[in-house]
Protein chains: 2
Amino acid sequence: MIHRKLATAVLLALTFGLGSLKLHADEGMWLFTDLPSDQLKSRYGFTMTDEWAQHVMLSSVRFNSGGSASFVSSTGLVLTNHHVASDTLQKLSTPEHNYIEDGFYAPTHAEEVAAPDLELNQLVSIEDVTAQVNAAVPAGASVAEAAKARRAVMSEIEQKSLDATGFRSDVVTLFGGAKYHLYRYKKYTDVRLVWAPETKAAFFGGDADNFEYPRYCLDVTLFRVYEDGKPAKIDHFLKFDEAGVQDGDLVFVSGNPGRTQRIFTLDALKYLRDHRLPYVLDYLRRLEVLMQQYSYEGEEQKRRARNLQFGIQNSRKAYTGMIQGLQNPSFLEKKAKDEAALLKQIKASPELKDYASAWDEVAAVQKEKALLLGQSASFGRISDLYHIAETLVHMAAEDKKPSEERMREYRDSARESLEQALYSPAPIYPDFETVLLADQLALFSEKRGGDDPLVQKVLAGKSPLDRAAELVQGSQLIDIDQRKKMAANPALHEDDPLMQLVKILEPEFRRLHELSEELDERERQAYARITEAVVAIQGTNTYPDATFTLRLAYGSVKGYEEAGQTVAPFTNMGGAFDHEAAHNSELDWKLPQSWHDHKADIALDTRLNFVSTCDIIGGNSGSPVINAKGELVGIIFDGNIQSLTGDFFYSDTQSRAVSVHAHAVREALKSIYGAGSLANELGK
Amino acid sequence: MIHRKLATAVLLALTFGLGSLKLHADEGMWLFTDLPSDQLKSRYGFTMTDEWAQHVMLSSVRFNSGGSASFVSSTGLVLTNHHVASDTLQKLSTPEHNYIEDGFYAPTHAEEVAAPDLELNQLVSIEDVTAQVNAAVPAGASVAEAAKARRAVMSEIEQKSLDATGFRSDVVTLFGGAKYHLYRYKKYTDVRLVWAPETKAAFFGGDADNFEYPRYCLDVTLFRVYEDGKPAKIDHFLKFDEAGVQDGDLVFVSGNPGRTQRIFTLDALKYLRDHRLPYVLDYLRRLEVLMQQYSYEGEEQKRRARNLQFGIQNSRKAYTGMIQGLQNPSFLEKKAKDEAALLKQIKASPELKDYASAWDEVAAVQKEKALLLGQSASFGRISDLYHIAETLVHMAAEDKKPSEERMREYRDSARESLEQALYSPAPIYPDFETVLLADQLALFSEKRGGDDPLVQKVLAGKSPLDRAAELVQGSQLIDIDQRKKMAANPALHEDDPLMQLVKILEPEFRRLHELSEELDERERQAYARITEAVVAIQGTNTYPDATFTLRLAYGSVKGYEEAGQTVAPFTNMGGAFDHEAAHNSELDWKLPQSWHDHKADIALDTRLNFVSTCDIIGGNSGSPVINAKGELVGIIFDGNIQSLTGDFFYSDTQSRAVSVHAHAVREALKSIYGAGSLANELGK
């Protein structure tokens, strides 16, 4: 699975850049404002119309929690991945009703359950605001001044747009700062769960099969958006491809790839290879083992840890694939050769030769980032309770400033989304929070050393576990009303030990945050210059690095060769039973009881999963796969292991996007889940 | 479980030091040459006779692979832990016969199976050679010269003793170099497996229950030693305590604690807390996840990985307990206070005040160790095949020098033991070796950076996985005859890619080895001075830090308080079934089928496990627990979670040694395993 969420939590924002300009085959995560009409015409004979593109854009949905989806009925049905929905399924579950394991089905609207904190975004318009942003940065501004000016003008543009249109308005930095676009979204916040299969069906084969192919997963879930307490009336939704997609067919993916790093210089990739990824992997393995130990404590603990555990394992496997790619000398040799050739051209040009220093600047920034790596005075988002405390404390401090001078997440135009997360009624389990926070405290001690004065202040003379227990037990933030009171009256922060902890950390947090912001700005400026130089040499007909905004990818349904074997593009539902038998129903190779109970009812030749050459990455999870007629043919849920270097480069040799076939969704609803009427609603 | 082996492989040798001299209650791992007769007399009214001690010493057995045991019959039966035997059980297993999972029983001598590479040691004499060792170090020798001279004289003493007596002869450094003793061992190398229970019985509750109490594990295995092809005739063996040990009884543990660090200065403990343990834990978690991923590939892979996986999980849990202790500020505060008081006394004494600089020297060494941490040009013992290649290459180089100038493991007097390991017929699985070696190559790249010339030479332009596959496939070292040929003719090393790899690494390996040896020697000299100062102030009536040599601990059978509850000292066999039911037979809480089949036959009130206050540590696994009459009452197999800080200090408040009750062994043999005649042989 390629859910974006955890990746974002773990990796600090690395979101800028531009795609390599020497495009390979079906490469590209294209802006809807600059679609690759010529390539589609010449390679596939497909004529892209504005109506087609507009329809696809408006049918696409972003899960603001990290993931993609589409409208699939006029009645507000939204189709995404089970693993995108799992955060919500986890939050809706109780010891009595484990929706994440057992699935869910609401036969009537009345039985649909409201998600506690989902925000779904439908992109409705895109506006180029590059000139406005650049005009706000005074000539000769220092790095810090430029960053501040840019942040301020972006905030201002967003606020103005929000006031004028009522739409969520985000200024997006593209091409590493060469372009700025204003994206406006219609927001849906009344989102209700309609149907989810069991994890055994959605994630059949578990961690072992994850990022592998062939696969046999029904990794889908249906939500419904409501407006004014009624199912929303949706004008643009995807119809179902009745014929079924075939080998070789042209397909499109419309979704929100989270982050790619294809513009990265050789030095930036080496920083990832030698510093950042080893660090992140150590951290993920630490959490993975922690979750395993916690899960041992019993069935209920296992349930509580499940969603986080899945996310961790998924990220660990993804990053392992990435570092394996980077550790292959032949991969970086190619990058080195291309970069050297480009730099040679640049240095040979009187107009461009000054741009070469941008590569040196990136290299210099990597060195400083390596020194900063692992330094943190925040315990992040792993503990919900800590994250709430941190948000409240920082919000109180930021709100004293004008909106445009605040840290981006605290600006006025983003407040509604922030509050939805902050006041989420999702359950918080004190024992689980204690385990997570204790580990963060221990890590803090390890990274700074136990003698560090801040560590000693944070631990207050206690062991990490005792201190975490005391903080969690003493905090009132489990109570949503308390959170609201604390937000309204910062004087109350004195009474909460967890908020006092955040306050102890705050000066160091801000020091590190500023250092990191400055490095980001320096890098942004360097990449903007690199982009200018590259564009001067190679032209602009390309796509920017992914930014968790809507993109269109294209490709064809196509198998591949692996270890001398041909991997066929399609699997079918009967194959899932064979796959289970081949693994003796062991570990996670157990189909749910419902599949066995209804085996005789299932049309076993219904296609279940398929692969295509579309260029996707984490964040694309749940993206609709669409045929030339604009109909739904599948739902992206994974990339194969060879695609994990997609962060850095695209290849169509073996890299494949993995989708659930649309027909399997309907067949499963009808034949396994007793949800025929829901199946009939799809596409209508 | 507290098996020493993995700990040794992972942690570089840290074996020196001296016990804290302010003894707590039942503290101490006593030398058989200096037993705590006075304490035993005053605290327990027990009179220790030379005969008693001699009998216990000669009845004790060391598993040279890492672990302890005892002779339990005149017919050569040796009783140890299942988890000490598991290395052998793993090596004897095949896809068809999985002795580690399914257990083993040889009803006749003819059916007993020879262990491929076990060496068992019976300590027969101890001689103080301190004067001889010290005399060999010239006055005014540099650190390096002193180390060399000491190594040389130790080798010489060992070789002379071996020649004179035929016994394995090891000079052991005690009290951080304040004393040197020559230990002579009778070696048994024809060791055959007689009986082992299923892992489900031996390690009931798995990783989750490990280091917890109450426990319900039959963690025992029986071997038999042979001489001249016949069961050895054993004069000193332990009889069984027929009455059964009771709450409050005085008990002794005679075994080989591997390593303690109780002499460590505050700075040395901080180095562990902030540097070494975080590093080791990252490494262990890395291997743990790797083994889990490999095990997913199938039942046979799971079987191949099992023993290593257990060892890794065990070490990870043990080190987690240790670091948790060190991260508790109150723990180090106490140490700091004691050390400050001691230093004050030393500085106030005109004769002793120069000794204070030894603490500074230890601190200086820790700083250099932190810089060296993670630097390695060896892929260690994780891959058997690599370890064989490395041994052969280093042996060829070392053998050009006189025995006393070689690295310790290559001296002539140790050659027989080295060759037994080197030519072991234990199975080696190319796919498993490839996975292990690939991960070591990746780690090497991460630690040194992918641009490091040595990394590039080692990877030879390939990804870690491709390179590892090439090395393993190209090597002939799976074949024992090839190993012998390579040992006999170093010119053949040219033909083996794995040995070529070792050769590429060798100069850097030797550079780092020398650096590390010098730091060790500086630390040894500093601790020797610290010991002198401490002895001058507090006297000598104490025990040295553990050195994986025979020690006697004592204490009483005693429960403890935990989280407000009283934990009773005994569990019984019926309790194992209750424990299984309480966990719904989930995960590793599944008793084997044999226990269920014979439930009606078992005397369910037979005591199964018990705890005592004896001072033990990793390496003590399998140690006999003995009553005042010198009879066997139990077999050590674990410490509780509170005992994991035992490396650094002893406490009898909650720390407990966990044993299998001797009666459970006999009851299980008779009532579950159909081995009544074997049960009757025990103690006779």
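No experiment lies behind these values; they were computed from the predicted model shown. Just so it is clear: chains get the letters A, B, ... in the order the sequence lines come, proteins before strands, and each one is counted from 1.
Highest contact tally toward chain A, considering only B:Arg316, B:His583, B:His275, B:Arg448, is held by B:Arg316 [criterion: heavy-atom pairs under 4.5 Å]. Annotation: maximal heavy-atom pairing with chain A below 4.5 Å, among B:Tyr296, B:Trp589, B:Phe331, occurs at B:Tyr296. When B:Gly449, B:Ala438, B:Gly206 are compared by the number of non-hydrogen pairs under 4.5 Å with chain A, B:Gly449 comes out ahead. Of the listed residues (B:Ala442, B:Ala460, B:Ser330), the greatest number of heavy-atom pairs within a distance under 4.5 Å of chain A belongs to B:Ala442. Taking chain B as the reference chain and counting heavy-atom pairs below 4.5 Å, the highest number among A:Gln324, A:Glu299, A:Glu333 is found for A:Glu299. Of the residues considered (A:Asp282, A:Leu332, A:Leu326), A:Asp282 shows the highest number of contacts with chain B, using heavy-atom pairs under 4.5 Å.
Taking the six-membered ring for Trp and the full ring otherwise, A:Phe648 and A:Phe264 have centroids separated by 6.0 Å or more.
Contacts of B:Gln292 with chain A are made by side-chain atoms alone, with heavy-atom separations under 4.5 Å and no backbone atom involved. Only the side chain of B:Glu288 comes within contact range of chain A, with at least one heavy atom under 4.5 Å from a heavy atom of that chain. When heavy atoms are compared at a cutoff of 4.5 Å, A:Asp207 approaches chain B by way of both its backbone and its side chain. Heavy-atom distances place the side chain of A:Gln293, and not its backbone, under 4.5 Å from chain B. Neither the backbone nor the side chain of B:Leu465 comes within less than 4.5 Å of any heavy atom of chain A. Contact annotation for A:Asp451: both backbone and side-chain heavy atoms come within less than 4.5 Å of a heavy atom of chain B. Only the side chain of A:Lys317 has a heavy atom closer than 4.5 Å to any heavy atom of chain B. Residue contact with chain B, scored on non-hydrogen atoms closer than 4.5 Å, involves the backbone of A:Lys462 exclusively. Contact of B:Glu586 with chain A is made through the side chain alone, with heavy-atom distances under 4.5 Å. Neither the backbone nor the side chain of B:Gln456 comes within less than 4.5 Å of any heavy atom of chain A.
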Worked check of side chain to side chain contact (heavy atoms under 4.5 Å, CB included) between B:Tyr283 and B:Leu443
CA-CA 9 Å; B:Tyr283 180 64; B:Leu443 182 63; 3.5 Å; yes
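Judged by distance alone, the side chain of A:Asp647 and the main-chain N or O of A:Gln261 form no donor-acceptor pair under 3.5 Å. Put simply, the side chain of B:Ser315 never gets that close to the backbone of B:Ile312: no donor and acceptor are under 3.5 Å apart. Side-chain atoms of A:Gln440 do not come within 3.5 Å of backbone N or O of A:Leu436 as any donor-acceptor pair. Panel note: side chain B:Ser655, backbone B:Gln642; a donor-acceptor pair is recorded below 3.5 Å.
With 3.5 Å as the limit, one finds no donor-acceptor pair spanning the side chains of B:Tyr213 and B:Asp638. For the residue pair B:Gln366 and B:Asp267, no side-chain donor N or O sits within less than 3.5 Å of a side-chain acceptor on the partner.
Summarising the local packing, NZ of B:Lys200 is surrounded by 12 or fewer heavy atoms from other residues, nucleotides or ligands at distances under 6.0 Å. Atom CD of A:Glu561 is surrounded by more than 12 heavy atoms from other residues, nucleotides or ligands within 6.0 Å.
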